[in-house]
Amino acid sequence: MEFVHVATRTKDLEKAIGFYEKLGLACSGRQELTKNKATLAFMTKPDGGFSIELVYNWGKDDDYAGGERFGHFAFDVEDVDGAYAGLLAAGAADVGRPPKPLEGKGPRIAFVADPDGNWIELIER
């Protein structure tokens with residue numbers, strides 16, 4: 001298992017990208033989620049590795065409350081079904097997102113919650 005990104009929501013995607021570029025990160029990818037009405041931008045160190053996923057929810061242009069802003073921690077896993085079942089068996093909370101592709105395509109993902117309610121994304125690689 002490898003820790004790969006943390007997600008946070010933003011009301012101004014371009015401004016957020018510019019801020020993280022000033023910290024030495026580069027936008028390594030963007031994704032439009034038409035069904036979820038959001039745009040994702042991944043800010044990564046030039047040598048790769050850990051990313052910050054900036055999430056802009058279309059039409060959400062006002063400030064987020066502190067707890068509403070944070071998204072999730074993400075981990076790459078080899079077997080998303082096994083990791084998901086194992087974490088649920090170990091007491092992780094089921095948040096209603098069993099393994100499936102995001103918007104019907106791409107890698108299969110699942111979500112669980114840690115004991116404090118923080119969402120954990122499992123990405124099958």
Side-chain angles (χ1 to χ4, degrees):
M1 189 175 298
E2 180 181 355
F3 184 49
V4 291
H5 74 255
V6 64
T8 188
R9 291 173 180 83
T10 180
K11 65 180 182 178
D12 186 332
L13 186 59
E14 296 310 316
K15 190 174 184 179
I17 288 171
F19 173 82
Y20 286 102
E21 285 175 339
K22 287 177 176 47
L23 291 173
L25 302 178
C27 186
S28 60
R30 289 175 83 121
Q31 185 176 6
E32 300 289 325
L33 303 178
T34 55
K35 291 179 186 173
N36 291 318
K37 297 181 181 167
T39 301
L40 312 179
F42 292 88
M43 304 303 296
T44 309
K45 296 185 312 180
D47 60 352
F50 177 85
S51 295
I52 297 172
E53 176 186 344
L54 301 173
V55 179
Y56 172 67
N57 292 302
W58 301 346
K60 176 73 168 129
D61 300 320
D62 50 337
D63 290 333
Y64 282 95
E68 186 183 19
R69 183 179 329 109
F70 177 75
H72 58 269
F73 297 107
F75 291 84
D76 278 347
V77 297
E78 290 184 24
D79 173 15
V80 71
D81 295 297
Y84 180 76
L87 288 167
L88 291 179
D94 184 349
V95 296
R97 294 288 305 267
K100 66 180 180 180
L102 180 63
E103 295 199 348
K105 59 185 176 190
R108 294 174 66 236
I109 65 170
F111 284 89
V112 297
D114 72 11
D116 293 309
N118 295 308
W119 281 37
I120 309 298
E121 179 182 13
L122 307 170
I123 306 167
E124 190 166 66
R125 299 288 185 204

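This is a predicted model, so every value here is computed, not measured.
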Hey, any chance [X] and [Y] share a hydrophobic cluster, counting ILVMFWY side chains that come within less than 4.5 Å of each other, even indirectly?
X    : Y    : answer
W119 : M1   : no
L33  : I52  : no
V112 : V95  : no
V80  : I123 : no

Query raised in the report: Can you list every pair that meets salt bridge (charged side-chain N to carboxylate O under 4.0 Å, His left out) and has a residue in residues 11-31, with sequence neighbours left out?
Result: K11-D63, E14-R30

Could you pull out every donor-acceptor pair under 3.5 Å between side chains of residues 38-50 and any protein atom, sequence neighbours left out?
from : atom 1 : to  : atom 2 : distance (Å)
T39  : OG1    : E32 : OE1    : 2.9
T39  : OG1    : E32 : OE2    : 3.4
T39  : OG1    : W58 : NE1    : 2.8
T44  : OG1    : S28 : OG     : 2.8
T44  : OG1    : S51 : OG     : 2.6

Query raised in the report: Residues in side-chain contact (heavy atoms from CB on, under 4.5 Å) with A93, at least two apart?
Result: A113

**Report entry** Residues in side-chain contact (heavy atoms from CB on, under 4.5 Å) contact with R9, at least two apart in sequence or another chain
**Finding:** V55, N57, Y64

Requested in this report: Could you pull out the closest heavy-atom pair between P101 and G106, with the gap in Å?
Outcome: CB-O, 3.8 Å

[X]: what forms a salt bridge (charged side-chain N to carboxylate O under 4.0 Å, His left out) with it, not counting sequence neighbours?
X    : answer
D61  : none
R125 : D76
K60  : D62
E124 : R108

According to side chain to side chain donor-acceptor pair (under 3.5 Å), who are the partners of [X], at least two apart in sequence or on a separate chain?
X   : value
R69 : none
Y20 : none
E2  : none
D94 : Y84

Query raised in the report: So, do L102 and N36 sit near enough that their side-chain heavy atoms are less than 4.5 Å apart?
Result: yes

Requested in this report: Would you mind reporting whether E121 and R97 have side-chain heavy atoms less than 4.5 Å apart?
Outcome: no

Query raised in the report: For E78, does the CD atom sit with more than 12 other heavy atoms under 6.0 Å from it, leaving out its own atoms?
Result: no

Query raised in the report: According to the interplanar angle, ranging from 0 to 90°, do the rings of F3 and F75 count as parallel (below 30°), tilted (30 to 60°) or perpendicular (above 60°)?
Result: tilted

**Report entry** Evaluation steps, side-chain contact (heavy atoms from CB on, under 4.5 Å), between V6 and F73
**Finding:** CA-CA 5 Å; V6 64; F73 297 107; 4.0 Å; yes

Query raised in the report: How long is the span from the CG atom in L87 to the CD1 atom in I120, to the nearest 0.5 Å?
Result: 8.5 Å

**Report entry** Among D79, I109, V77, D81, side chain to side chain contact (heavy atoms under 4.5 Å, CB included) partner for L122
**Finding:** V77

